[in-house]
Each structure stands twice: as C-alpha cells, then as structure tokens.
Amino acid sequence: MALSIEQIRSSLSDGLLSFPITDFDAQGQFQADTYKQRIEWFIEHGVSSVFIAGGTGEFFSLGLEEYQEICRIAVETVAGRVPVIASAGRSVVEAQAFVKVAEEAGCDGILLMPPFLTECPEDGVVEYATQIMQSSAIQFIYYNRANGILSAENVKQLAAQNPNLIALKDGVGNVATLNDIIKTVGDRLVYIGGVPTAEIFAEAYLAIGVNTYSSAVFNFMPDMANRFYKALRAGEKATVEAIVRDFFIPFCRLRDEKKGYAVSLIKSGAKLIGRPAGGVRAPLTMPTQEQEARLQALIEANK
C-alpha cells in the first residue's frame, strides 16, 4: 500500500472523487494506451481519489485478467499522487480473487459492491462483506446500494467486525437514512455520496456532513465538475443553483430515459469531447444519435 490509512481517509473526506470509464476498442476489448492517458488526464484535473473499474467503469462486465491490467496501469500512472481505489463484488470467492489482484497491483483500497441477483437479508450481507474484508489487509469502502443496503445498526456492526472498513458510500439517496447511519456510527467511517449523478444530491449531502461524492460527469466536463464542487463547499449558492438548473437537471432527465444511461451517457460525453472510450458492453446500450445530439447541446451550453 503506497499511502497511509490517514492519507486515504483524508483524500476520501475532502475533494472531488471520480470514476473513470474503461476504454474499449472497436472489438470491445480493453484498450490500455488510451486508458492510461485518461487516468493521467484525471490527475491533471485535480481529482482527489481515482476509483477504477467501478460502476461507471463497468466492473460488472470485466474479466479478472483485464481487471488486473486496469489495476496495474492505474497504479503505475497515478504513482502515489492520490489514492487508487479498485472495485470488487459478485460472489465471495470472486470478490476475494479481485481483492487479491488489486492488492498485489498496489491499489490503496477496495470499493465493495453489493452481491448480484439474489435477494439478501441484512445479516447475510454483513457476513458476505465480512468474509471478503477479512480476506485481506487492504482498506475497504462499503457501497450501500441495491441488494446490499444496510441499516445504521448493521453498518455499525460491520465497522466493529472489520477494522479495515474505512468508509461508506451511499448509493441510495435517502438522506434521512444516511443521517441515521452517520449519527449512529459517527466518525469511525468516512461518508461518500454515491448515487448516480451525485451532484443532484450534493446540497443535501453537505447539510448532513457528507463532504465528498463521486462525479461521473468529471469524465467529460471536469472543469464544470470542479467549479460546482468548489462553489458548493464555499457556500456560493447562486452558482450551485445555476449549474444544477442548467446542467444537472436536464442531464438527469436525459439519463432517466433508459436504464443504464448513468454509464452509457458518460461514454457518449467522453466521445463528444474527443476522448472516446468505445461503447458499453452488454447488457448496457449506447444512446441514440438524437440523444447524443441533446447531450452535445448540453455540453456546449455549460462549458
């Protein structure tokens, strides 16, 4: 681990986080050279932590070998300048294998995704996460989302059982529930906003003490994403309201036109600014030409 636990917690607590899309070529295979350039571009634009192979990076469709290459390239490119957080999930055995690969590559932490498909009782989710966390000394962020949602008391239990759990990422958007978790667990964990297009929740997050969130649109509008985050933290209400009204609300309306567009539109945006990363893998689909045209207009109007 290149960075200390204190450095990782600090980076997760203050500054804009983002998840780079994963580069694929015309045949849908991982493209290492442009991915390396993308990671460097993220660092140049001041991101405080890089979350690789996450939801926006299509973790759910990656094989272990290409995941290993993604981790290696990211760690080498970032070179200790900010934390590199990889993802893990699926079954316990698969998650442990992904964690081992990320740890060996030198990643600083793991974003633990919820299990797939099956309905899960909360005590089972705690056990699932604990088995994975106790398989490694690497630091973990638990992603409270989908079929892996935990109540405040179960988050507290998970933290008590796993000293290497350092943060919780909210993927629900229920501010009352998140506030309950924060007040129950306290500063034992760092809290990160993580609903799709998290900027739309940023004001509510900040009000309950969640200072950071993951910005997917950083992939194609990093300057605007940084401007929004700085205005939010500085209390510049007029700027925040204007960007939400002029960009994020219409973007979210476009995103909600089809399932999976929280990822697909990000890849379209990257293409539209001249930093293409190929298409998405099935079961996701790319936006139509008409939808891309509306996204292009939105980008142009909010540069």
Asks: Say whether Ser10 and Gln7, considering side chains only, have a donor N or O and an acceptor N or O under 3.5 Å apart.
Replies: no
Asks: Testing the basics here: between Ser18 and Val47, what is the closest heavy-atom pair and its distance to 0.1 Å?
Replies: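 That closest heavy-atom pairing would be N-CG2, 3.5 Å.
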Asks: Start with the C-alpha distance between Arg227 and Thr239, add both sets of side-chain angles, then the distance that settles side chain to side chain donor-acceptor pair (under 3.5 Å), and finish with yes or no.
Replies: CA-CA 9 Å; Arg227 186 167 70 252; Thr239 300; over 6 Å; no
Asks: Any donor-acceptor pair under 3.5 Å linking the side-chain atoms of Asp170 with those of Tyr205?
Replies: yes
Asks: Can you confirm whether the side chains of Gln291 and Tyr261 place a donor and an acceptor under 3.5 Å from each other?
Replies: yes
Asks: State the CD1-CG distance between Ile70 and Leu62, to the nearest 0.5 angstrom.
Replies: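 Answer for the CD1-CG pair, Ile70 versus Leu62, is 4.5 Å.
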Asks: Provide the closest heavy-atom pair for Gly173 versus Val195 in the form atom of the first, atom of the second, distance.
Replies: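 Heavy atoms only, the tightest pair is N-CG1, 3.3 Å.
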Asks: Please lay out, stage by stage, how Lys156 and Glu122 fare under the test salt bridge (charged side-chain N to carboxylate O under 4.0 Å, His left out).
Replies: CA-CA 12 Å; Lys156 185 177 180 179; Glu122 287 197 36; over 6 Å; no
Asks: Given the side-chain rings of Phe218 and Phe42, with only the six-membered ring counted for Trp, is the space between their centroids under 6.0 Å?
Replies: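 Yes.
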Asks: Applying salt bridge (charged side-chain N to carboxylate O under 4.0 Å, His left out), run through Glu290 and Arg294 and close with a yes or a no.
Replies: CA-CA 6 Å; Glu290 185 274 336; Arg294 282 190 277 151; 2.7 Å; yes
Asks: If we check side-chain contact (heavy atoms from CB on, under 4.5 Å) with Tyr142, which of these qualifies: Ile110, Leu112, Leu111?
Replies: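 Only one option passes, and that is Leu112.
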Asks: For Tyr128 and Met113, which heavy atoms make the closest approach, and how far apart are they?
Replies: OH-O, 3.5 Å
Asks: Decide if the gap between the ring center of Phe24 and the ring center of Phe30 is smaller than 6.0 angstrom.
Replies: no
Asks: Within the 3.5 Å criterion, strictly below it, is a donor on Lys230 or Asn226 matched to an acceptor on the partner's side chain?
Replies: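 Distance-only check fails for Lys230 and Asn226.
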Asks: Would you say the side-chain atoms of Gln134 pair up with the backbone N or O of Gln131, donor to acceptor, closer than 3.5 Å?
Replies: no
Asks: Write down the atom of Ala159, the atom of Arg188, and the distance for their closest heavy-atom approach.
Replies: O-NH2, 3.0 Å
Asks: Check for a donor-acceptor pair, side chain of Asn219 on one end and backbone N or O of Ile266 on the other, with a separation under 3.5 Å.
Replies: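 Absent.
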Asks: So how far is it from Leu206 CG to Phe201 CZ, rounded to the nearest 0.5 Å?
Replies: 15.0 Å
Asks: Between Tyr213 and Phe228, how do the two ring planes meet: parallel, tilted or perpendicular, split at 30° and 60°?
Replies: perpendicular
Asks: Decide whether Glu58 and Thr22 meet the rule of one side-chain donor and one side-chain acceptor closer than 3.5 Å.
Replies: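 Their side chains do not contain a donor-acceptor pair, so the 3.5 Å distance test is not met.
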Asks: When you look at CD of Glu300, are more than 12 heavy atoms from neighbouring residues, nucleotides or ligands closer to it than 6.0 Å?
Replies: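 Yes, enclosed.
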Asks: May I have the step-by-step check of side chain to side chain donor-acceptor pair (under 3.5 Å) for Tyr229 and Glu199, ending in yes or no?
Replies: CA-CA 8 Å; Tyr229 180 74; Glu199 285 90 346; over 6 Å; no
Asks: Output yes when a side-chain donor or acceptor of Asn164 lies under 3.5 Å from a complementary backbone atom of Ile138, and no otherwise.
Replies: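 Yes: the side chain of Asn164 pairs with the backbone of Ile138.
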Asks: The test is salt bridge (charged side-chain N to carboxylate O under 4.0 Å, His left out); show your working for Glu104 and Arg72 and say whether it passes.
Replies: CA-CA 9 Å; Glu104 290 176 347; Arg72 182 189 65 79; over 6 Å; no
Asks: Taking NZ, NE, NH1 and NH2 as the nitrogens, is one of them in Glu241 or Arg245 under 4.0 Å from a carboxylate oxygen of the other?
Replies: no
Asks: Are any side-chain N or O atoms of Arg90 and backbone N or O atoms of Pro115, one a donor and one an acceptor, separated by less than 3.5 Å?
Replies: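 Such a contact is absent between Arg90 side chain and Pro115 backbone.
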Asks: Hey, does Ile43 have a side-chain heavy atom less than 4.5 Å from the side chain of Val50?
Replies: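 Val50 reaches Ile43 side chain to side chain.
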Asks: With Tyr191, which of Leu12, Asn144, Val210, Asn179 fulfils side-chain contact (heavy atoms from CB on, under 4.5 Å)?
Replies: Val210
Asks: For Gln68 and Cys71, what are the C-alpha separation, side-chain angles and deciding distance, and is it a side chain to side chain contact (heavy atoms under 4.5 Å, CB included)?
Replies: CA-CA 5 Å; Gln68 183 177 36; Cys71 291; 5.9 Å; no
Asks: Is the backbone N or O of Ala53 less than 3.5 Å from a side-chain atom of Ser87, with the two atoms forming a donor-acceptor pair by type?
Replies: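 Present.
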Asks: Mind checking whether Arg275 and Phe220 have side chains closer than 4.5 Å, heavy atoms only?
Replies: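 Answer no - side chains too far apart.
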Asks: Can you check whether Gln96's main-chain N or O pairs, donor with acceptor, with Ser135's side chain at less than 3.5 Å?
Replies: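 No, because the side chain of Ser135 does not come within donor-acceptor range (under 3.5 Å) of the backbone of Gln96.
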Asks: CD/Gln157 to OG/Ser151 distance, rounded to the nearest 0.5 angstrom?
Replies: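 Going from CD on Gln157 over to OG on Ser151, the span is 9.0 Å.
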Asks: With a 4.5 Å heavy-atom cut-off, do Val217 and Phe247 have their side chains touching?
Replies: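 Val217 reaches Phe247 side chain to side chain.
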Asks: Go through Thr184 and Glu153 one step at a time and tell me if the side chain to side chain donor-acceptor pair (under 3.5 Å) criterion holds.
Replies: CA-CA 7 Å; Thr184 300; Glu153 288 301 324; 4.8 Å; no
Asks: Can you name the nearest heavy-atom pair linking Cys107 to Val75, along with the distance?
Replies: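 Distance-wise, the nearest heavy atoms are N-CG2, 3.7 Å.
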Asks: Could you tell me the separation between the CZ atom of Phe140 and the CG atom of Asn162, rounded to the nearest 0.5 Å?
Replies: 8.5 Å
Asks: Walk me through whether Ile52 and Ile85 qualify under side chain to side chain contact (heavy atoms under 4.5 Å, CB included).
Replies: CA-CA 6 Å; Ile52 58 170; Ile85 311 295; over 6 Å; no
Asks: What distance do Ser13 atom OG and Ile166 atom CD1 have between them, rounded to the nearest 0.5 Å?
Replies: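 CD1 of Ile166 is found 8.5 Å from OG of Ser13.
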Asks: If you define the side chain from C-beta out and look only at heavy atoms, does anything of Leu272 sit under 4.5 Å from Leu295?
Replies: yes
Asks: Testing Lys36, Gln37, Arg38, Gln31 for side chain to side chain donor-acceptor pair (under 3.5 Å) with Asp23, which one passes?
Replies: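 Option passing the side chain to side chain donor-acceptor pair (under 3.5 Å) with Asp23: Arg38.
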Asks: Determine whether Glu6 and Arg9 satisfy the following criterion, salt bridge (charged side-chain N to carboxylate O under 4.0 Å, His left out), listing intermediate values before the conclusion.
Replies: CA-CA 5 Å; Glu6 291 72 22; Arg9 285 183 63 108; over 6 Å; no
Asks: Looking at side-chain heavy atoms only, is the closest gap between Met133 and Leu158 below 4.5 Å?
Replies: yes
Asks: Would you call Ile39 and Pro20 a side-chain contact if the rule is heavy atoms closer than 4.5 Å?
Replies: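 Ile39 reaches Pro20 side chain to side chain.
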Asks: After noting the C-alpha distance and the side-chain angles of Glu292 and Gln296, does the key distance pass the side chain to side chain donor-acceptor pair (under 3.5 Å) rule?
Replies: CA-CA 6 Å; Glu292 280 202 346; Gln296 177 75 70; over 6 Å; no
Asks: Let me confirm one number: the CG-OG distance from Leu284 to Ser61, rounded to the nearest 0.5 Å.
Replies: 7.5 Å
Asks: Under 3.5 Å, side chain of Asp256 to main-chain N/O of Arg253, donor-acceptor pair present?
Replies: no
Asks: When the aromatic ring centroids of Phe60 and Phe116 are compared, is their separation below 6.0 Å?
Replies: no
Asks: Would you say the side chain of Asp108 lies within less than 4.5 Å of the side chain of Val82, judging by non-hydrogen atoms?
Replies: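 No, every pair of side-chain atoms sits at 4.5 Å or beyond.
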Asks: Is the shortest side-chain heavy-atom distance between Leu168 and Ile192 below 4.5 Å?
Replies: no
Asks: Looking only at heavy atoms, which two atoms of Lys169 and Tyr143 are closest? And how far apart?
Replies: O-CD2, 3.5 Å
